[in-house]
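As structure tokens, the structure follows; a few thoughts come after it.
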Protein chains: 2
Amino acid sequence: MTTSHKAKQTRLSAGRDAEATKAQILDAAEQEFAIAGLTAARTEAIAAQTGVTKTMIYYYFKDKEALYQEVINRALINPLNQIAQLQLEKQPPSQALEQFARFFLQQMSQRPNIASMLFLEAIQNQGKYYPKASIEQLYGMLTKILADGIAQGVFRSLEPRHTAVNIVGTCVFYLAAHENIKHLWKGKRMLSKAMLEEHAEEAINFIKAGVLLNQ
Amino acid sequence: MTTSHKAKQTRLSAGRDAEATKAQILDAAEQEFAIAGLTAARTEAIAAQTGVTKTMIYYYFKDKEALYQEVINRALINPLNQIAQLQLEKQPPSQALEQFARFFLQQMSQRPNIASMLFLEAIQNQGKYYPKASIEQLYGMLTKILADGIAQGVFRSLEPRHTAVNIVGTCVFYLAAHENIKHLWKGKRMLSKAMLEEHAEEAINFIKAGVLLNQ
DNA sequence: GTCTATAACCTGATAGAC
DNA sequence: GTCTATCAGGTTATAGAC
């Protein structure tokens with residue numbers, strides 16, 4: 001909170017700059033938590049990747065658990081707020097669905113770590129650290145769009161909650177499981193910009209086709 | 001390997017019965033690995049759930065890693081062999097796809113742990129412990145069905161590999177993320193037989209609609 | 001703000017008795 | 001086959017110097 005004279009210094013080994021160091025720790029922690037999860041994550045690894053010593057983690061955060069909580073909050077709250085601002089409820093269902101999917105895919109593609117991290121959190125800690133109501137907000141928007149679409153006769157007769165889950169799964173599985181299936185695209189990097197765009201297009205087409213009423 | 005006089009004794013605290021104890025350890029390990037992953041899994045927890053002491057794990061398996069490998073093999077090889085026996089390549093694409101999905105969903109629903117475990121393995125260890133070619137076998141079958149369906153004009157114009165990933169994701173996401181989304185079905189158990197059947201039906205409808213050509 | 005110890009604890013793995 | 005120690009190594013978290 002000191003009036004820092006160094007305006008912006010995002011690079012590694014930023015020297016003595018509280019905000020920069022804290023941000024670096026959060027980024028490194030996100031990376032580590034995304035492949036290890038809370039328990040298996042090593043504070044040593046986070047520190048090494050940040051370029052400072054373990055001590056700094058405890059200087060800026062109460063403990064590993066608190067750091068984890070802050071990383072999760074940061075990862076979830078921002079994207080969700082942005083989606084809420086799209087005001088999808090004011091658009092016709094099929095358009096709202098496409099926009100939702102496109103935006104959600106874009107958010108997740110920007111930081112593929114997040115998808116993995118949220119999976120790990122669900123599996124390992126039963127979602128204990130999720131900010132309350134975030135998940136409900138996400139699925140609430142989707143189920144509403146789907147229910148509206150059915151009522152208006154543009155979507156086929158489907159169960160909104162199950163379908164919402166299937167839609168989110170379609171958006172996220174590619175990212176979370178990419179280490180699982182990289183052999184399918186021998187050579188190509190699955191998280192490259194081009195491949196992520198390809199995934200987004202295919203996912204959107206799959207979702208739209210899966211939901212729209214045949215006529 | 002001693003000629004055991006006790007034919008079958010699957011219950012807990014089976015006493016001195018090598019095969020029973022070993023099987024119990026494998027089951028408990030699957031459970032533990034499915035929520036913790038290799039690194040975060042505790043041999044103590046596996047032993048406790050089995051009803052014997054940690055020592056037994058090292059009596060029957062070289063180390064934690066070897067136990068993990070055996071659990072993964074057991075989980076993957078069996079289901080895949082069974083799917084291969086369906087001889088889907090001899091059926092028309094849309095029928096083959098539905099049968100694949102139905103069978104795969106059934107397999108995964110029987111042991112929801114497996115879905116979580118494979119996810120964790122992909123995220124945490126980059127699939128290092130997968131039996132070589134298992135994944136390729138699974139996705140190979142799916143992409144072939146999809147390519148055939150496009151060639152025959154029954155499936156829409158889609159990218160087979162991406163769509164294969166989306167299909168698997170649709171089957172598996174519900175299971176792997178169920179702790180994430182249980183609030184959506186307040187009260188109901190998401191892994192109950194009825195709910196799993198509901199999921200299977202919705203997933204199959206979603207997949208078929210997402211793939212079939214509108215006409 | 002950042003570092004170098006170091007305390008206190010946990011966990012994988014083994015030795016040896018029964 | 002199964003158990004009771006027990007060791008060696010690793011990990012979180014803190015104390016105290018700079």
Side-chain angles (χ1 to χ4, degrees), chain A residues 1-6 8-29 32-33 35-71 124-125 129, chain B residues 1-26 28-29 32-33 35-71 124-125 129:
Chain A
M1 289 300 179
T2 58
T3 44
S4 80
H5 43 293
K6 300 179 183 180
K8 204 113 193 183
Q9 192 172 17
T10 339
R11 292 178 314 164
L12 279 172
S13 71
R16 288 180 166 243
D17 183 332
E19 308 216 348
T21 303
K22 191 175 177 184
Q24 280 173 18
I25 291 174
L26 280 167
D27 286 342
E32 173 74 2
F33 286 135
I35 67 171
L38 172 58
T39 310
R42 297 293 162 233
T43 56
E44 179 68 48
I46 297 172
Q49 213 182 326
T50 307
V52 294
T53 55
K54 274 188 295 184
T55 320
M56 285 297 93
I57 293 172
Y58 297 95
Y59 179 73
Y60 287 107
F61 304 92
K62 183 174 168 283
D63 51 20
K64 189 168 85 161
E65 194 183 8
L67 171 59
Y68 183 68
Q69 182 72 70
E70 204 153 321
V71 169
Q124 298 187 312
N125 310 318
Y129 296 92
Chain B
M1 289 302 175
T2 58
T3 43
S4 81
H5 43 292
K6 299 180 181 177
K8 206 112 195 183
Q9 192 171 16
T10 339
R11 291 180 313 161
L12 276 172
S13 70
R16 290 182 165 240
D17 183 332
E19 308 216 348
T21 303
K22 190 175 179 183
Q24 280 173 18
I25 291 175
L26 280 167
E32 173 74 1
F33 286 135
I35 67 171
L38 172 57
T39 309
R42 299 291 161 234
T43 56
E44 179 68 49
I46 296 172
Q49 212 181 326
T50 308
V52 293
T53 55
K54 272 189 297 182
T55 321
M56 285 297 94
I57 292 173
Y58 297 94
Y59 179 75
Y60 287 108
F61 304 91
K62 182 172 168 284
D63 53 18
K64 190 169 85 162
E65 194 183 7
L67 171 59
Y68 183 67
Q69 182 71 69
E70 203 152 322
V71 170
Q124 299 187 312
N125 311 318
Y129 297 92

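Each chain gets a letter, A, B and so on, in the order the sequences are listed, and its residues count up from 1. Because only heavy atoms are used, hydrogens play no part in the values below, and waters and symmetry mates are left out as well, while side chains stay in.
Across all their heavy atoms, A:Ala40 and B:Ala40 have their closest contact at CB-CB, 4.0 Å. For the pair A:Ile46 and A:Ala28, the tightest heavy-atom approach, listed with the atom from each and the gap, is O-CB, 3.7 Å.
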Where do N or O atoms of nucleotides 4-6 of chain C meet protein N or O atoms at under 3.5 Å, pair by pair?
residue	atom	partner	partner atom	Å
C:dT4	O4	A:Thr55	OG1	3.0

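Take the nearest nucleotide of DNA chain D for B:Tyr60 and for A:Arg42: the residue whose nucleotide is more 5' is B:Tyr60. If A:Val52 and B:Lys62 are placed on DNA chain C by their nearest nucleotide, the residue sitting closer to the 5' end is A:Val52.
To the nearest angstrom, P of D:dG9 lies 17 Å from CG of B:Asp63. Rounding to whole angstrom units, CD of residue B:Glu65 and P of C:dG12 are separated by 13 Å. Rounded to whole Å, atom P of D:dA13 lies 14 Å from atom CD of A:Glu44.
In this structure, the nucleotide among D:dA13, C:dT2, C:dA13 sitting nearest to the side chain of A:Tyr58 is D:dA13. The side chain of B:Met56 lies closest to D:dT2, out of D:dT2, D:dT11, D:dA13.
When each of A:Gln69, A:Glu65, A:Gln124 is checked for a side-chain hydrogen bond (donor to acceptor under 3.5 Å, both in side chains) with A:Tyr129, only A:Glu65 meets the rule.
Counting non-hydrogen atoms under 4.0 angstrom, B:Ala47 reaches nothing in the nucleic acid.
Annotation: side chain of A:Ile57 is not in contact with side chain of A:Lys64 (no heavy-atom distance under 4.5 Å). Taking 4.5 Å as the limit, every side-chain heavy atom of A:Met56 sits out of range of all side-chain heavy atoms of A:Gln24. Contact check for B:Phe61 versus B:Ile25: side-chain heavy atoms found under the 4.5 Å cut-off.
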